[in-house]
Amino acid sequence: MIKFFLMVNKQGQTRLSKYYEHVEINKRTLLETEVIKSCLSRSNEQCSFIEYKDFKLIYRQYAALFIVVGVNDTENEMAIYEFIHNFVEVLDEYFSRVSELDIMFNLDKVHIILDEMVLNGSIVETNRARILAPLLILDKMSES
């Protein structure tokens with residue numbers, strides 16, 4: 001099960017955070033700081049899976065952005081690693097080469113995409129067309 005999903009830039013600034021288990025606000029900040037520090041301090045040659053406290057961190061770097069997913073011990077690391085890639089491909093398809101600015105200025109749309117893919121910490125959809133369908137309908141409604 002996915003515990004949290006983070007998008008962070010190289011400076012360590014959180015651009016998106018989504019928690020699927022309750023974590024108090026003051027503990028979230030501390031958790032994000034520690035998680036970000038442990039991922040940013042690793043080199044490109046090191047493995048993208050980290051055991052951290054009572055869960056695992058799976059992360060991928062795309063240009064200046066890191067996507068970090070915290071999961072429980074029973075989750076398949078490679079499946080989450082591919083899920084991260086699929087998420088970025090969906091963003092790329094919607095935004096036509098997604099950038100950090102796209103995420104910052106369209107955070108609501110990024111949340112909609114993530115919510116279409118993950119429900120209560122479980123991956124429920126991976127098909128790009130089905131993920132983007134509600135967002136494209138919203139875009140058509142806003143145009144008219």
Side-chain angles (χ1 to χ4, degrees), residues 1-40 42 44 47-144:
M1 185 177 130
I2 297 173
K3 294 185 174 209
F4 60 85
F5 186 97
L6 301 172
M7 288 183 85
V8 182
N9 66 12
K10 281 186 177 180
Q11 289 75 36
Q13 299 166 316
T14 303
R15 294 301 180 203
L16 170 102
S17 67
K18 178 88 174 180
Y19 287 83
Y20 297 98
E21 286 185 350
H22 176 72
V23 180
E24 293 177 25
I25 297 295
N26 56 351
K27 290 184 180 177
R28 283 184 186 190
T29 322
L30 181 64
L31 174 71
E32 287 177 22
T33 305
E34 291 175 0
V35 164
I36 292 164
K37 202 180 294 182
S38 62
C39 291
L40 291 177
R42 296 172 66 88
N44 289 340
C47 181
S48 294
F49 310 144
I50 305 170
E51 292 202 16
Y52 178 80
K53 293 188 178 179
D54 61 335
F55 52 89
K56 297 180 215 170
L57 300 174
I58 295 100
Y59 71 94
R60 268 185 110 148
Q61 182 179 359
Y62 292 92
L65 283 175
F66 283 84
I67 298 177
V68 184
V69 179
V71 298
N72 61 12
D73 290 337
T74 60
E75 195 68 53
N76 182 334
E77 294 98 341
M78 284 306 293
I80 298 299
Y81 194 71
E82 284 303 311
F83 161 73
I84 294 170
H85 185 68
N86 189 36
F87 176 72
V88 172
E89 285 182 335
V90 171
L91 291 176
D92 270 341
E93 188 172 324
Y94 182 74
F95 291 110
S96 303
R97 294 197 41 96
V98 68
S99 69
E100 185 176 350
L101 289 175
D102 290 324
I103 292 162
M104 289 171 55
F105 294 120
N106 298 288
L107 197 57
D108 56 335
K109 293 178 180 181
V110 177
H111 271 284
I112 289 170
I113 291 170
L114 186 58
D115 289 344
E116 286 294 319
M117 296 179 79
V118 180
L119 180 68
N120 293 330
S122 298
I123 299 169
V124 292
E125 187 62 73
T126 57
N127 182 294
R128 285 185 224 154
R130 283 192 231 141
I131 292 165
L132 291 174
L135 208 52
L136 297 175
I137 291 169
L138 284 173
D139 287 347
K140 283 181 185 176
M141 288 175 57
S142 66
E143 287 173 3
S144 55

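Fair warning: this is a prediction, and the values are worked out from it, not measured in the lab.
Under a 3.5 Å cut-off, the side chain of N86 and the backbone N or O of T126 do form a donor-acceptor pair.
Evaluation of the ring-ring contact (aromatic ring centres under 6.0 Å, His included) rule for F105 yields no partner, not counting sequence neighbours. The ring-ring contact (aromatic ring centres under 6.0 Å, His included) test applied to F83 returns no partner, not counting sequence neighbours.
In this model, no donor atom of one side chain and acceptor atom of the other lie less than 3.5 Å apart for N120 and S122. No side-chain donor from either of D92 and Y62 sits under 3.5 Å from a side-chain acceptor of the other.
A distance of 11.0 Å separates CD1 of I137 from CG of L132, quoted to the nearest 0.5 Å. Residue L138 holds its CG atom at 11.5 Å from CD of E143, rounded to the nearest 0.5 Å.
Between V69 and I2, the shortest heavy-atom contact is CG1-CG2, 3.7 Å.
Ionic pairing of E51 and K56 is not present here: no N-O contact between side-chain nitrogen and carboxylate oxygen is shorter than 4.0 angstrom. Taking a cutoff of 4.0 Å between a charged side-chain nitrogen and a carboxylate oxygen, K109 and D139 qualify as a salt bridge. A salt bridge between R128 and E89 is present, with a side-chain N of the basic residue lying under 4.0 Å from a carboxylate O of the acidic one.
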Do D102 and R97 pass the salt bridge (charged side-chain N to carboxylate O under 4.0 Å, His left out) test, and can you show the C-alpha distance, the side-chain angles, and the key distance before you say yes or no? CA-CA 9 Å; D102 290 324; R97 294 197 41 96; over 6 Å; no

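With F4 as reference, F55 is the one residue of Y52, Y59, F55 to meet the ring pair (Phe, Tyr, Trp, His ring centres under 6.0 Å) rule.
Under the salt bridge (Lys or Arg N to Asp or Glu O under 4.0 Å) criterion, the residue pairs touching residues 27-39 are E34-K53, with sequence neighbours excluded.
A ring-centre distance under 6.0 Å is not found for Y20 and F5.
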